[in-house]
Amino acid sequence: MKRTPLVVFTDLDGTLLDHGTYSFEPARPGLEALLEAGIPLVFCTSKTRLETERWRRALANVHPFIVENGGAVYVPEGYFGTGVRFDRRGGGYDVLEFGRPYADIRRALQEIRASTGLPLRGFGDMTVEEIAGLCGFTREDAALAAMREYDEPFVGTDAIGLSRVVAAAAEAGLNVVSGGRFHHLVGGSDKGRAVRALR
């Protein structure tokens, strides 16, 4: 990949993709202009790697991408040549990891649920059908969304309860990020940090 003076980073849900329909048609002229100019378009999303790969295929995107609220950066192997250090390699990617493992996040959500008494439910507590219904996804897309590695989307609290969840998460060294449909429990990562590392 040759160096370019400009890189465009974009979220997916509610940004590149319409919040209700998940269509990217309104953005197509911009996408085509970026492609013609050779400007990399980097997805930076709360979606999983598998979900993001689906959108990369749909948009013929070959560039690195950031998943699960900055939990990891996936770089196609060889994209930056040699001499760049990564945390691991696998599945055709060099990977920078910033988030904590999903199993740790799941345990923390269970502890927060117990300590706050709130009926918190994460994706790990839901069936694929429930996730599909909450997101407006097909069953196939919901299955991809359930394959978490670094963060846990959850429901089950109002604004007052959320402050208790945030405080309990902080005690566990975690953060809560709120999106358009869910709150997310994350550990040690954020999108800005991942963007800076990739840049």
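How far CG of N69 is from SG of C44: 8.0 Å, rounded to the nearest 0.5 Å.
Residue Y74 is grouped with residue L41 when hydrophobic side chains (ILVMFWY) are merged at heavy-atom distances under 4.5 angstrom, including chains of intermediate members.
A donor-acceptor distance shorter than 3.5 angstrom exists from the side chain of R113 to the backbone of L120, with no hydrogens or angles considered. The backbone N or O of F123 sits less than 3.5 Å from a side-chain atom of E152, completing a donor-acceptor pair. Looking at D87, its side chain does come within 3.5 Å of a backbone N or O of E97 through a donor-acceptor pair.
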Subject >> Derivation and outcome, salt bridge (Lys or Arg N to Asp or Glu O under 4.0 Å), residues R181 and D13 >> reply: CA-CA 10 Å; R181 288 182 172 86; D13 292 334; 5.3 Å; no

Original post:
Given the rule in the side-chain contact (heavy atoms from CB on, under 4.5 Å) test, do Q110 and R106 qualify, once you have shown the distances and angles that lead to the verdict?
Top reply: CA-CA 6 Å; Q110 292 163 8; R106 282 289 303 153; 3.5 Å; yes

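A salt bridge between R107 and E111 is absent, with no side-chain N of the basic residue lying under 4.0 Å from a carboxylate O of the acidic one. For E140 and R54, the salt-bridge test fails: no basic side-chain N is under 4.0 Å from an acidic carboxylate O.
Aromatic ring centres of Y22 and F137 lie closer together than 6.0 Å. Here F65 and Y93 bring their ring centres to under 6.0 angstrom of each other.
Atom CD of E36 is surrounded by 12 or fewer heavy atoms from other residues, nucleotides or ligands within 6.0 Å.
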